[in-house]
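The block underneath contains the structure these notes are about, expressed in structure tokens.
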Amino acid sequence: MVLADDETMIRAGVRAILATDPEIDVVAEAGNGSEAVDLTLKHRPDVVLMDIRMPVMDGLAATAEIKRTVPGTAVLVLTTFSEDEYVARALGDGAAGFLLKSGDPRELLAGVHAASRGAAYLSADVARRVIGELNRGPAGRRMARAATSRARIDALTGREREVLAFLGQGLSNAEIAARMHVVEGTVKSYVSADFTGLGVRNRVQAAIIAYEAGLTDGDR
């Protein structure tokens with residue numbers, strides 16, 4: 001994988017965590033978004049761990065460029081709670097997930113493995129904050145997005161909608177399985193069906209549709 005962050009100390013700390021997992025190999029480090037793009041083109045890694053605020057080219061622009069030129073590489077975005085609006089913007093650029101710099105190191109390892117398998121990774125805290133950020137948009141835009149999202153869920157079955165609602169709350173497959181009293185494999189099947197029915201690529205996009213369609217407990 002490629003590690004991109006403009007702070008040397010942060011990169012060293014993250015790399016030390018990644019080094020505890022023998023299945024993860026950091027092939028290069030970048031100090032800005034432009035370097036991250038160049039190194040991705042050179043090494044073609046499975047995953048890029050991308051900071052947002054960097055000089056020359058920020059992480060959002062770098063993510064968009066990587067997904068355009070090396071679509072097979074997954075990009076995990078590093079974020080802090082002060083950067084919610086950036087997280088929402090990155091969704092449309094195909095980011096595979098979001099990790100908190102202040103989060104549990106185990107989440108970092110889990111996120112990298114999920115991204116390498118082509119899955120998305122998002123902590124429940126980040127999911128709730130992304131949805132909160134979207135709720136602060138103009139009223140007219142929120143109403144239009146809500147109508148579109150409600151139309152998109154019409155083709156889902158009742159169980160698929162139930163699972164989608166849990167995704168909208170940022171729950172993991174294991175947590176959803178516990179709520180529904182089913183095995184985790186069943187939940188995975190419903191999640192896959194939700195992705196197909198909604199035409200989305202990851203849990204983050206599905207969660208946003210769930211929220212905008214009114215399937216979650218968030219205030220409308």
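Keep in mind that the numbers below use all heavy atoms, side chains included, and drop hydrogens, waters and symmetry copies.
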Side-chain contact, heavy-atom cut-off 4.5 Å: [X] with [Y]?
X	Y	result
Leu198	Leu164	yes
Glu160	Val191	no
Lys188	Val183	no
Thr73	Lys67	no
Met180	Val163	yes
Val27	Met1	no

If we ignore hydrogens and angles and just use 3.5 Å, is the side chain of [X] paired with the main-chain N or O of [Y] as donor and acceptor?
X	Y	result
Thr69	Glu65	yes
Glu162	Arg159	no
Thr63	Gly59	yes
Thr20	Ile17	yes

Decide side chain to side chain contact (heavy atoms under 4.5 Å, CB included) for Glu7 and Asp51; before the verdict, give the C-alpha distance in whole Å, the side-chain angles of both, and the deciding distance to 0.1 Å. CA-CA 9 Å; Glu7 296 187 41; Asp51 187 24; 5.7 Å; no

Is Asp6 salt-bridged to Arg11, going by a charged N under 4.0 Å from an acidic O?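 Looking at Asp6 and Arg11, the cut-off is not met.
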
Enter the distance from [X]:[atom1] to [Y]:[atom2] here, rounded to the nearest 0.5 Å.
X	Y	atom1	atom2	result
Arg179	Phe166	CZ	CZ	5.5 Å
Asp104	Leu109	CG	CG	9.0 Å
Leu60	Met54	CG	CE	9.0 Å
Asp58	Arg53	CG	CZ	10.0 Å
Leu215	Leu167	CG	CG	10.0 Å
Tyr190	Ile176	OH	CD1	12.0 Å

Heavy-atom closest pair, residues [X] and [Y]:
X	Y	result
Ala74	Ala96	CB-CB, 4.0 Å
Ile153	Ala213	CD1-CB, 3.9 Å
Val75	Met50	CG1-CB, 3.8 Å
Gly111	Leu99	CA-CD2, 4.4 Å

Out of curiosity, does Leu18 fall in the hydrophobic cluster containing Ile10 (side-chain heavy atoms, cut-off under 4.5 Å, transitive links)?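 Shared cluster, yes.
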
Show your reasoning for whether salt bridge (charged side-chain N to carboxylate O under 4.0 Å, His left out) applies to Asp194 and Arg161. CA-CA 8 Å; Asp194 282 336; Arg161 291 190 191 191; over 6 Å; no

Side-chain donor-acceptor pairs of residues 33-49 under 3.5 Å, sequence neighbours excluded:
residue: Glu35; atom: OE1; partner: Gly31; partner atom: N; Å: 2.7
residue: Thr40; atom: OG1; partner: Ala36; partner atom: O; Å: 2.7
residue: Arg44; atom: NE; partner: Leu41; partner atom: O; Å: 3.3

With sequence neighbours excluded, residues passing salt bridge (Lys or Arg N to Asp or Glu O under 4.0 Å) with Arg152: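 Checked Arg152 against salt bridge (Lys or Arg N to Asp or Glu O under 4.0 Å); zero matches.
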
Between Ile52 and Leu78, is a side chain to side chain contact (heavy atoms under 4.5 Å, CB included) present by the stated rule, with each step listed? CA-CA 7 Å; Ile52 292 179; Leu78 287 167; over 6 Å; no

If you look only at pairs with a residue in residues 14-27, which of them pass as a salt bridge (charged side-chain N to carboxylate O under 4.0 Å, His left out), with sequence neighbours excluded?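 For residues 14-27, and leaving out neighbouring residues, the salt bridge (charged side-chain N to carboxylate O under 4.0 Å, His left out) pairs sorted by first residue read Arg15-Glu29.
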
